[in-house]
Chemist: 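Attaching a single structure in C-alpha cells format; questions to follow.
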Amino acid sequence: MLTKRNDILELWRFIFCIMVLGLHFSDAIKIELFNAGYLGVEFFFLVSGYFIGSFYSKQIANKTIPNRIKAIGTYICSRLKRLYPLYLVALFFMLFMRSIINNYRFGDILTLAKSCFAEFILLQWTPIGNTVLISTDWYVPAIFWGGIFFIILLTITGKIGGFILAPTISFLIYRYYFILIGKIDVIASYYGVLRGIAGLGLGIFIYFLCQAIKDFPSHMSKLLFPVPNIILLCICIYSQFGHRSKWDFFIISLYAVCLFILMKAEAPVLNEKIKSVFGLLGKITYPVYLFQMPVIELFLTLFHLV
C-alpha cells in the first residue's frame, strides 16, 4: 500500500505527465503551451531512481552472491512485466494508425515494421536503431536499461555506488549536456539513455541520503512539507513560458531537493477517497505517457489537421 507521502508523489507524477502531454499536443497543433513540459520526464527519472535504490536495499543488500544474482534477474523480469506489454501495445497501435492514415498495403506495413524493429526490442538508442514509430517512447528503454545498469552497479559496489558513484555519474552526464548543448534534449538516439542514467543516478543518491538521515521532527516536518509542493507548482507554472536552456539543470536540482523533502517530511493525513484518487492517477500515468502520441496523431487525423 502507498504511504501518505507516496500518495502525494503519485499526484505529482500525473501532473508532470500532463505537462509532457501538453507540450506534445501544443507542438502538434502549433500553439504555445507548456513550452518546458519536457522537464516532466526528468521528474519521472528521479522518482524511478529513488525506487531502484529502495529495491536494492530491500531485495539485494546483505544477501549472498547467488541470491543477489537471482534478485537482479527478478528486477529485470519485473521491469519487463511492468514496462513492456503496454509499450508493445502502443507500438502496434501506432503501426495500425500509420497504416490507416497512409493507406498502406500489407507489404508496406511489413517494411515499416522492419525499419522500426530496434524500437520493438528497446534498442532504438543503439546503432541498429533507424526509424521510430513513437519518438517520445525513448523514455522506456532509458528507464529499462538505465535501471539494469544501476542495479548491477549497486550490487557490486553497495553503498559506495549509492552515495558516490551514482551521483558522480549523474553529475558527469549533466556536465556533458551543459557543456555540449547547454540544455536537456535528445539530439542523438543514445542521448535518451544518457538522460535516463543521469536522472536515475540522482534519484538513487536521494534514496541513500534519505536512509542515512533521520526523519525530521514532527513540528519541522509539518513546516517543511508544503515547501516542495510549492516549488513543484512553480515549476509547472514555469513550464508554460520556459524553454530549453541552462536553467534545465537548475530545475533538475530543485527536483532532487523536493524529492528528498517529500520522502522525509510528514505528509498531512488524507482521507481514503483522496488517497484512492491520487493512487489511480499515479497508475494511469504510464499508459497516458505511452499512448499520448498515437492519440494525438489520431486526433489530428480525425479533425483533418495533418
Chemist: Heavy atoms, side chains only, cut-off 4.5 Å: are Val257 and Val227 in contact?
Modeler: no
Chemist: With Arg244 as the cation and Tyr38 as the aromatic partner, state whether NZ or CZ is under 6.0 Å from the six-membered ring centre and within 45° of the axis.
Modeler: yes
Chemist: Please determine whether the number of non-hydrogen atoms from other residues, nucleotides or ligands lying under 6.0 Å from atom NZ of Lys70 exceeds 12.
Modeler: no
Chemist: Among side-chain atoms of Tyr191 and Tyr176, is any donor-acceptor pair under 3.5 angstrom?
Modeler: yes
Chemist: Which heavy atom of Ala118 sits nearest a heavy atom of Gly129, and at what distance?
Modeler: CB-CA, 3.7 Å
Chemist: Check the angle between the aromatic planes of Phe303 and Phe299 and answer parallel, tilted or perpendicular using the 30° and 60° thresholds.
Modeler: tilted
Chemist: With no hydrogens and no angle check, is any side-chain donor or acceptor of Ser239 less than 3.5 Å from a backbone partner on Ala36?
Modeler: no
Chemist: Among the clusters formed by ILVMFWY side chains lying less than 4.5 Å apart, do Leu91 and Val132 turn up in the same one?
Modeler: no
Chemist: Members other than Leu223 in its cluster, when Ile, Leu, Val, Met, Phe, Trp, Tyr link by side-chain heavy atoms under 4.5 Å?
Modeler: none
Chemist: Looking at Glu42 and Arg195, is any side-chain nitrogen of the basic one under 4.0 Å from a carboxylate oxygen of the acidic one?
Modeler: yes
Chemist: With side chains defined as the heavy atoms from C-beta onward, is the minimum distance between Phe278 and Leu9 less than 4.5 Å?
Modeler: no
Chemist: Atom CD1 of Ile251 and atom OH of Tyr238: how far apart are they, to the nearest 0.5 Å?
Modeler: 5.5 Å
Chemist: Backbone N or O of Gln59 within a donor-acceptor pair of the Lys63 side chain at under 3.5 Å?
Modeler: yes
Chemist: Report the C-alpha separation of Val277 and Lys273 in whole Å, then their side-chain angles, then the decisive distance to 0.1 Å, and conclude whether the side chain to side chain contact (heavy atoms under 4.5 Å, CB included) test is met.
Modeler: CA-CA 6 Å; Val277 169; Lys273 288 186 178 180; 5.6 Å; no
Chemist: Would you say Phe43 and Leu232 make side-chain contact, with heavy atoms under 4.5 Å?
Modeler: yes
Chemist: Pick from Phe144, Tyr56, Phe55: which one makes a ring-ring contact (aromatic ring centres under 6.0 Å, His included) with Tyr75?
Modeler: Phe55
Chemist: Here's one to test your reading of the geometry: is the NZ or CZ of Lys183 within 45 degrees of the ring axis of Tyr177 and under 6.0 Å from its centre?
Modeler: no
Chemist: Side-chain contact, heavy-atom cut-off 4.5 Å: Leu112 with Tyr104?
Modeler: yes
Chemist: Looking only at heavy atoms, which two atoms of Thr126 and Ser189 are closest? And how far apart?
Modeler: O-OG, 4.4 Å
Chemist: So, for Ala90 and Pro294, which heavy atoms are closest and what is the spacing to 0.1 Å?
Modeler: O-CG, 4.2 Å
Chemist: Working to the nearest 0.5 Å, report the span between CG of Leu154 and CD1 of Ile60.
Modeler: 7.5 Å
Chemist: Strictly below 4.0 Å, N to O, side chains only: are Glu10 and Lys283 in salt-bridge contact?
Modeler: no
Chemist: Just checking Asn271: does its CG atom have more than 12 heavy atoms from other residues, nucleotides or ligands closer to it than 6.0 angstrom?
Modeler: yes
Chemist: Just how far is it from atom CD1 of Ile76 to atom CD1 of Ile72, taken to the nearest 0.5 Å?
Modeler: 7.0 Å
Chemist: Do the side chains of Ile164 and Leu172 join up, straight or via other hydrophobic residues, at under 4.5 Å, putting them in one cluster?
Modeler: no
Chemist: Counting distance only, does the side-chain N/O of Gln240 pair as donor-acceptor with the main-chain N or O of Phe34 below 3.5 Å?
Modeler: yes
Chemist: Can you list the steps and then say if Tyr87 with Leu122 is a side chain to side chain contact (heavy atoms under 4.5 Å, CB included)?
Modeler: CA-CA 10 Å; Tyr87 171 83; Leu122 301 172; 3.4 Å; yes
Chemist: Is there a side-chain contact between Glu297 and Arg98, using heavy atoms and a 4.5 Å cut-off?
Modeler: yes
Chemist: Does some side-chain heavy atom of Cys236 sit less than 4.5 Å from a side-chain heavy atom of Ile15?
Modeler: yes
Chemist: For the backbone of Ile134 and the side chain of Glu119, can you confirm whether one donor and one acceptor N or O come within less than 3.5 Å of each other?
Modeler: yes
Chemist: Side chain to side chain contact (heavy atoms under 4.5 Å, CB included), that's the test. Do Trp12 and Cys17 meet it? Break it down for me.
Modeler: CA-CA 8 Å; Trp12 281 115; Cys17 179; over 6 Å; no
Chemist: Are Leu11 and Ile237 grouped together when hydrophobic residues (ILVMFWY) are joined by side-chain heavy atoms under 4.5 angstrom apart?
Modeler: yes
Chemist: With rounding to the nearest 0.5 Å, note down the distance linking NE2 in His219 to CG in Leu224.
Modeler: 9.5 Å
Chemist: So, Lys264 and Asp215, do they make that salt bridge, N to O below 4.0 Å?
Modeler: yes
Chemist: Check this for me: Ile65, atom CD1, are more than 12 non-hydrogen atoms of other residues, nucleotides or ligands nearer than 6.0 Å?
Modeler: no
Chemist: Are Phe171 and Phe205 close enough that their ring centres sit under 6.0 Å apart?
Modeler: no
Chemist: What verdict does the side chain to side chain contact (heavy atoms under 4.5 Å, CB included) test give for Phe45 and Ile252, after you've listed the backbone C-alpha separation in whole Å, the side-chain angles of each residue and the deciding distance to 0.1 Å?
Modeler: CA-CA 10 Å; Phe45 284 138; Ile252 292 170; over 6 Å; no
Chemist: Under 3.5 Å, is there a donor-acceptor pair between the side chain of Ser57 and the main chain of Ser54?
Modeler: no
Chemist: Just verifying a value: how many Å separate Phe208 CZ and Tyr50 OH, rounded to the nearest 0.5 Å?
Modeler: 11.0 Å
Chemist: Is there a path of hydrophobic side-chain contacts, each under 4.5 Å between heavy atoms of I, L, V, M, F, W or Y residues, that connects Met94 with Leu110?
Modeler: no
Chemist: Any side-chain heavy atom of Leu259 within less than 4.5 Å of one from Leu202?
Modeler: no
Chemist: Is the side chain of Asn130 donor-acceptor paired with the backbone N or O of Cys116 at a distance under 3.5 Å, no angle test?
Modeler: no
Chemist: Compute whether any side-chain donor of one residue and acceptor of the other, for Asp137 and Tyr289, lie under 3.5 angstrom apart.
Modeler: no
Chemist: Would you mind listing the cluster partners of Phe96? Hydrophobic ones only (ILVMFWY), side-chain contacts under 4.5 Å, chaining allowed.
Modeler: Ile100
Chemist: Would you name the heavy atoms of Ser99 and Ile109 that are closest together and state the gap between them?
Modeler: OG-CG1, 3.2 Å
Chemist: Group every Ile, Leu, Val, Met, Phe, Trp and Tyr by side-chain heavy-atom contacts under 4.5 Å, then state whether Leu280 and Leu86 land in the same group.
Modeler: yes
Chemist: Can Asp108 and Thr111 be counted as having a side-chain donor-acceptor contact under 3.5 angstrom?
Modeler: no
Chemist: Roughly how far, to the nearest 0.5 Å, is the CE atom of Met263 from the CD atom of Gln211?
Modeler: 10.5 Å
Chemist: Taking the six-membered ring for Trp, are Tyr255 and Phe16 ring centroids under 6.0 Å apart?
Modeler: yes
Chemist: For the residue pair Phe93 and Phe291, does the interplanar ring angle fall in the parallel (under 30°), tilted (30 to 60°) or perpendicular (over 60°) class?
Modeler: tilted
Chemist: Hey, is CD1 on Ile121 packed in by over 12 heavy atoms from elsewhere, all under 6.0 Å?
Modeler: yes
Chemist: Cys210 and Phe260: which non-hydrogen atoms are nearest, and at how many Å?
Modeler: SG-CD1, 3.5 Å
Chemist: If I compare all heavy atoms of Gly53 with all of Ile204, which pair ends up nearest, and what's the gap?
Modeler: N-CG1, 4.1 Å
Chemist: Any donor-acceptor pair under 3.5 Å linking the side chain of Asn229 with the backbone of Phe225?
Modeler: yes
Chemist: Between Tyr286 and Arg82, is there a side-chain heavy-atom distance shorter than 4.5 Å?
Modeler: yes
